[in-house]
Amino acid sequence: MAVQNRVAVSNEEYARRLDTCWSCPSLQYESTCKHCGCLVAVRAKLSDSICPYPGQSRW
């Protein structure tokens with residue numbers, strides 16, 4: 001799941017981020033963020049990504 005030339009978060013941080021995404025009311029199709037259209041499993045792994053939840057990142 002690595003993206004070339006991007007730094008990944010630790011496995012612990014990845015699990016924490018995914019737990020937040022799985023419980024988010026903006027999760028669609030059990031995989032996609034309603035706000036940015038990304039696959040949360042990919043976005044959560046990248047260290048320079050933020051949660052696009054309106055008003056404030058949930059991570």
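Treat the numbers as computed from the prediction; the structure is a model and nothing was measured.
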inquiry  = Considering only residues two or more places apart or on different chains, which pairs with a residue in residues 35-57 satisfy ring pair (Phe, Tyr, Trp, His ring centres under 6.0 Å)?
reply    = H35-Y53
task = Just grab all the salt bridge (Lys or Arg N to Asp or Glu O under 4.0 Å) pairs involving residues 25-36, residues at least two apart or on different chains.
result = none
request  = Sequence neighbours left out, what passes side-chain contact (heavy atoms from CB on, under 4.5 Å) with S49? Give chain and number order.
outcome  = R6, R43, L46, W59
query = Of all heavy-atom pairs between T32 and V40, which one has the smallest distance, and what is that distance?
reply = C-CG1, 4.3 Å
task = State which residues pass side-chain hydrogen bond (donor to acceptor under 3.5 Å, both in side chains) with E13; sequence neighbours excluded, sorted by chain then number.
result = R16, R17
ask   = Between L18 and A44, what is the shortest heavy-atom contact and its length?
value = CD2-CB, 4.0 Å
query = Would a hydrophobic clustering, with Ile, Leu, Val, Met, Phe, Trp and Tyr connected at side-chain separations under 4.5 Å, put I50 with W22?
reply = no
